[in-house]
Protein chains: 2
Amino acid sequence: MPRSGPRLSRIAQSLGVSVATVSNALSGKGRVSAELSARIKKTAEEMGYVPSQAGRALRTGRTGVIGLVLADIANPLFPQIAQAIEFAASEAGYGVLIADSRGASSLQMEAIDRLLERGVDAMIVIPRRGTRIGALGCPVALIDSPSTPGNSVSADHWEAGLAMGQHLRELGHRKVLLLGSGSESNVQNDRLGGIRAALGKEAVCETLWIAHRKPRNGEDFSLGLAGYYARGFTAFATTSDLHALRALSELQRAGISIPSQASVTGFDDLALAEVTSPRLTTMRMDMPRIAELAVKALIERLDLQDVGERMPSSSPVEAAQAKVAMQLVVRDSTAPVTRSLPYQAIQENPAGELRP
Amino acid sequence: MPRSGPRLSRIAQSLGVSVATVSNALSGKGRVSAELSARIKKTAEEMGYVPSQAGRALRTGRTGVIGLVLADIANPLFPQIAQAIEFAASEAGYGVLIADSRGASSLQMEAIDRLLERGVDAMIVIPRRGTRIGALGCPVALIDSPSTPGNSVSADHWEAGLAMGQHLRELGHRKVLLLGSGSESNVQNDRLGGIRAALGKEAVCETLWIAHRKPRNGEDFSLGLAGYYARGFTAFATTSDLHALRALSELQRAGISIPSQASVTGFDDLALAEVTSPRLTTMRMDMPRIAELAVKALIERLDLQDVGERMPSSSPVEAAQAKVAMQLVVRDSTAPVTRSLPYQAIQENPAGELRP
DNA sequence: CGGCGGTGGTTAAACGTTTAATCACCGGCA
DNA sequence: TGCCGGTGATTAAACGTTTAACCACCGCCG
């Protein structure tokens, strides 16, 4: 089953030179006269020559592919991630092979093995919460959270939380409910920790973990947010736009107007953040930058290996910059607090008033 | 830069046999005694032998990788798609290389070329709306819409629309507003067409394309849905959960209670559909099945090629089943119509009442 | 007992590339 | 004239696998 196009030998033959010369000309490595080199390149172009990665890989031991392993591809953030990494990688001449561990940590190792078997040169791992990545046979970049040991590069979730908290603080919020999936996740802890820190100790914060509160048919899946509002909470800060949507929606349904009566914030700037009414105030990750840093670090390590440097590859690579700032996106779901605390008048509250 | 583990030659050497025998034993192809074969397999296992895809690829012309090209990875549906395809592919022993065309059709061709250069055996294309895929050098499966010429397999969007329309019809809706991004997309046309068809001619439908209505800061990004409600529309059927969210949110904000006063439906069952209040009634794609069919069709074609069959590879492969049914997920955003038409009392409408 | 088919294995070539080693040639210098 | 260094190209080996062709051996039949 010969592959399609012309190979090196064909173009060499057609010009009456040796394959080595053609290889040299195209790679610019050996010694070839400028004139011949030009002719070779021209012919290669004309014949539509495409180098065989297989041949090259066999010879060089490099496949030019990096693996991307995700804890759960179904993560709504995944599109951003994959797109950014694919872009950064292809800019650097690398392909991206994906592997999904579908949640379970055991499958995560399997996913990694699949990639290893395919001979990826390196990989980027966005691990399942709490999973540790041991020493693999290739350079690994870990994208998780600055507070995770071994983390190569990631958004600065704490700092982001700080900014978000600051934003709420400036709007006068002093009693805010923090919403996250679960406390095992470093990124969620960081985000919430930052918010809490920015709010300071004169503010009162409570945290609600809702991973287990799966909305199910028939069952009541309310978070009881109206109750918190009644208790005087003026802001609901979440670790994800999905949670923010849930909060926003539940509050609105209960007749609480956002943002005039309560503020809601998200995280990640998912597509949905722009289509809610009011649109969500949220925090955006600079995923392109993160991807670029991860890929760059990986390639650097690979180059080092080439030079024969003894690689300390037991642990993930270190990127040039470990944390990259997130960007606060202020939209319409946050506003200054208007009521004084405590305020228990939720029952008779008129709803749905448009924001001025 | 030799690759890590032991190669065939090593395990052959350690057993005092030839590489060919080892290869045969492991692949089960040649003639090797059962006893020796077992010993070889055992040793291979012990030494942690991993076959070099590069070597194999070079010899067989097969990389064992299929490419996945997406119009826009940032598509919120992408996680589902990628996960399903990665699963189906890895089940079949294939890896998945991704390429994102970032919207532009010109980049789509570039993305395809990138994959081709990496020597993918086949690819799955989820094209940008309206793009045509010409003859590539490898088998291609096209996942778009049954009404797209050359489509290999996809969800039955029309049928799905029919089911959704039927659902609304049974609830008594006779005046429904159809919302979609734009009319260039076959899948959107199919979905909306199905809905319209199910509603029948005694129903009145209007269509609103909102691709250009990007929510932008400062600007009014309202769709004027309250106006439609005032004109007597009782249901808002959209081509995507994202649009549904937008509609739901805008209507609620305007004081219209969902579903008691108006119904809203989405499509695709994104994660967000479960966290809105009320939760969205939507339509789910059987992506795993679609992926499985696409991968299977591709592999079949590849096997045919192996046998030397002359391949009619000018057009995309045909899957065993071209359309796969979508599943209606009835949640809480749809309900029987309660008001008689026309009903113009939106202004004094009390809002936010909870659904009984 | 010579040939024959089956069994269990080996040899060798091939896939396409890269790269170290080699070589032919030429002008310049001792 | 003999040698040397540089230039421009070739030769050959190597990466790891698969597979067609080959071979030695054995028991059996004619």
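What you see is a predicted model, and the numbers here were worked out from it, not measured in a lab. Here is how names work: the chains are called A, B, and so on, in the same order as the sequence lines, proteins then strands, and each is numbered from 1.
From B:Ile40, atom CD1 reaches atom OG of B:Ser14 across 9.5 Å, with rounding to the nearest 0.5 Å.
For the pair A:Arg10 CZ and C:dC15 P, the interatomic distance rounds to 13 Å; values are reported in whole Å. The nearest whole Å value for the distance from the CZ atom in A:Arg62 to the P atom in D:dG16 is 14 Å. When the P atom of D:dA9 is taken as reference, atom CG of A:Leu15 falls 12 Å away, rounded to whole Å. The interatomic distance linking A:Arg56 (CZ) with D:dT17 (C1') rounds to 20 Å, in whole Å. In this structure, A:Tyr49 places its OH atom 7 Å from C1' of C:dG16, rounding to the nearest Å. Per the geometry, CD belonging to B:Gln53 stands 19 Å off P belonging to C:dT17, to the nearest Å. For the pair A:Ile40 CD1 and D:dG8 P, the interatomic distance rounds to 13 Å; values are reported in whole Å. Here the C1' atom of nucleotide D:dG8 and the NZ atom of A:Lys29 are 19 Å apart, to the nearest Å.
For B:Leu58 and B:Ala34, each mapped to the nucleotide of DNA chain C holding its nearest heavy atom, the one lying further toward the 5' end belongs to B:Ala34. Mapping B:Glu35 and B:Gly55 onto DNA chain C by nearest heavy atom places B:Glu35 at the nucleotide closer to the 5' end.
Between the side chains of B:Ser154 and B:Asp144, no donor-acceptor pair of N or O atoms lies under 3.5 Å.
Distance from the side chain of A:Pro51 is smallest to C:dT17 among D:dA9, C:dG9, C:dT17. You'll find that the side chain of B:Thr21 is closest to C:dG9, out of C:dT17, D:dT17, C:dG9. Listed nucleotides C:dT19, D:dT19, C:dT17 differ in distance to A:Asn24; the shortest reach to its side chain belongs to C:dT19. Comparing atom distances between the B:Leu8 side chain and each of D:dT17, C:dG9, D:dT10 picks out D:dT17 as nearest.
Counting any heavy atom pair closer than 4.0 Å across all strands shown, B:Ser33 reaches sugar-phosphate atoms only and no base atom. Using a 4.0 Å heavy-atom criterion, one finds that B:Ser18 contacts the bases of the nucleic acid, with or without backbone contacts as well. As judged by a 4.0 angstrom heavy-atom cut-off over every strand, A:Ala20 is placed among the base-contacting residues.
Between the side chain of A:Arg31 and the base of D:dG8 there is at least one donor-acceptor pair of N/O atoms closer than 3.5 Å.
We find that B:Lys42 and B:Glu46 are joined by a salt bridge, their nearest charged nitrogen and carboxylate oxygen being less than 4.0 Å apart. With respect to A:Glu300 and A:Lys296, no salt bridge is recorded, no charged nitrogen being found less than 4.0 Å from a carboxylate O.
Within a 6.0 Å radius of CZ in A:Arg39, other residues, nucleotides and ligands contribute more than 12 heavy atoms.
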